[in-house]
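Shown next, in structure tokens, is the structure this report addresses.
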2 protein chains.
Amino acid sequence: MSTANSLSAEDLGSAAQRDRRKRILDATIELASTGGFDAVQMRAVAERADVALGTLYRYFPSKIHLLVSALGRELERSDAVLRERPTPGDTAADRVIYLLKRTTRGMQGDANLTEALTRAFMFADGSVKAEIHAVGMLLTQMMARAMHPEQTELTELTDEDVAIARVIGDVWLSALVAWVTGRSTAADTAVHMETAVRLLLRD
Amino acid sequence: MSTANSLSAEDLGSAAQRDRRKRILDATIELASTGGFDAVQMRAVAERADVALGTLYRYFPSKIHLLVSALGRELERSDAVLRERPTPGDTAADRVIYLLKRTTRGMQGDANLTEALTRAFMFADGSVKAEIHAVGMLLTQMMARAMHPEQTELTELTDEDVAIARVIGDVWLSALVAWVTGRSTAADTAVHMETAVRLLLRD
DNA sequence: GGACGAAGTGGAACGTGTTCCTATCATGTC
DNA sequence: GACATGATAGGAACACGTTCCACTTCGTCC
């Protein structure tokens, strides 16, 4: 398996390189916001980021790597905002539902961007394992924090907690895919996710 | 939204046309089996099915339509085989787990084919709504039949049954994607699905 | 049997993701 | 300051999904 990773922010020594990487991801988000997956064209990203096409490919070895990395950055941003204050809700189910609704609402506010990021995530093949894994871990962490706000370490979670978090993550992704492809409305999505959470977290 | 549907088997009057359609789908499955998603190249499909490229596009307006239609045909085939004898298992959970394991095992026996079909399904956009919906209905039906073998009509299902079937379907798809992209092993997949079913169907 | 429209053939052409090559630029070393 | 080395620019070239066109074949109606 060829494991050509994207250059992560840590690998990049020089400030100019970190700045290039940021410009590339910014351009990606802007284009995705404008016209979704199809509008994120590598030549257009390179031009808007003021970078040569070859450089773009040096930083991100494919369009999918690029978009999944962008998804990772956006999720980290959300996570940081959410962590500023405790998640409201008296039960684990309520808190998880709050988290999902809030995140989903954020994504549904920018349908094109969500379509681009979701489709990239779903289309990714084995070569994007590292980037996908990073996103998966982040999601599980966010969910786990909502379920057990008092615990800060993932290691304290029971197997069942982790299993539940994963199932909820699965449902969320599927719901997102269904919404992105126009198979279900935003309201359907919300209802379906809430139902799933209540089925799983009966406390 | 442009809704260019694939020509379904019923639309095709002449035997020659049904045969062409079959040859195309056969060629698709063969190529997918050989080299996965990337090996299903439209020119190659057309050549192997002994059909002009334009004709291929007349029958299936895109590679994704083609692969999702192929997935539909394979699922119908599985469903027909499964319906020949009652699903074993004493509880709904056991029967659903049997169904999932058996179907998954079948898919994992041909990793390339599964990769091709799964990725097409996940990458599909709004224009493939009709084909995707057909697959979704089939899956829900299969699951519902496993949960309640005595009921033959979908209308007899409760809302909760449908919700559970959908959640299980979501988990199954996500597990398949994770397996296809090399993020989890076949064993992981089986365990994860079994856990999810037991969480959802505690009877 | 001939006319006509639908369906199929063969292949050129286009767009976009990806690769590759050469020249130029930046940075650190002596 | 000259040089070595790696990063970047600029752009040509290639692959494959998709579109299009001119021509041929097939089926049907008169």
Interatomic distance, [X] [atom1] vs [N] [atom2] [rounded to whole Å]:
{"X": "B:Gln41", "N": "D:dT18", "atom1": "CD", "atom2": "P", "answer": "12 Å"}
{"X": "A:Arg43", "N": "C:dG15", "atom1": "CZ", "atom2": "P", "answer": "10 Å"}
{"X": "B:Arg58", "N": "C:dG10", "atom1": "CZ", "atom2": "P", "answer": "16 Å"}
{"X": "A:Glu47", "N": "D:dT8", "atom1": "CD", "atom2": "P", "answer": "19 Å"}
{"X": "B:Leu56", "N": "D:dC16", "atom1": "CG", "atom2": "P", "answer": "16 Å"}
{"X": "B:Asp38", "N": "D:dG17", "atom1": "CG", "atom2": "C1'", "answer": "12 Å"}
{"X": "B:Phe37", "N": "D:dA15", "atom1": "CZ", "atom2": "P", "answer": "19 Å"}
{"X": "A:Ile64", "N": "C:dT18", "atom1": "CD1", "atom2": "P", "answer": "8 Å"}

If you find the nucleotide of DNA chain C closest to B:Leu53 and the one closest to A:Ser62, which residue's nucleotide is nearer the 5' end? B:Leu53
Respond yes when some side-chain nitrogen or oxygen of A:Tyr59 is under 4.0 Å from OP1 or OP2 of D:dT8, and no when none is. yes
Options C:dT19, C:dT9, D:dA7, nucleotide nearest the side-chain atoms of B:Ala52: C:dT9
Nearest to the side chain of B:Met42, which nucleotide is it out of C:dT19, D:dA9, D:dT18? D:dT18
Of B:Val180, B:Leu176, B:Leu173, the residue whose pairing with B:Met122 passes side chain to side chain contact (heavy atoms under 4.5 Å, CB included): B:Leu173
So, using side-chain contact (heavy atoms from CB on, under 4.5 Å) as the criterion, who are the partners of B:Ala134 when residues are at least two apart? none
A side-chain contact here means heavy atoms from C-beta on lying under 4.5 Å apart; do A:Leu71 and A:Glu131 qualify? no
Can a side-chain donor-acceptor contact be found between B:His192 and B:Thr189 if the only test is distance below 3.5 angstrom? no
Find which nucleotide of DNA chain D each of B:Lys63 and B:Ala16 is nearest to by heavy atoms, and output the residue with the more 5' nucleotide. B:Lys63
What about B:Arg20: does its side chain form a donor-acceptor pair under 3.5 Å with the base of C:dG8? no
Considering every strand and a 4.0 Å limit on heavy-atom distances, what is the contact class for B:Val45: base, sugar-phosphate, or nothing? nothing
Hey, does the Lys NZ or Arg CZ of B:Lys63 hover above the aromatic six-ring of B:Phe37, less than 6.0 Å from the centre and inside 45° of the axis? yes
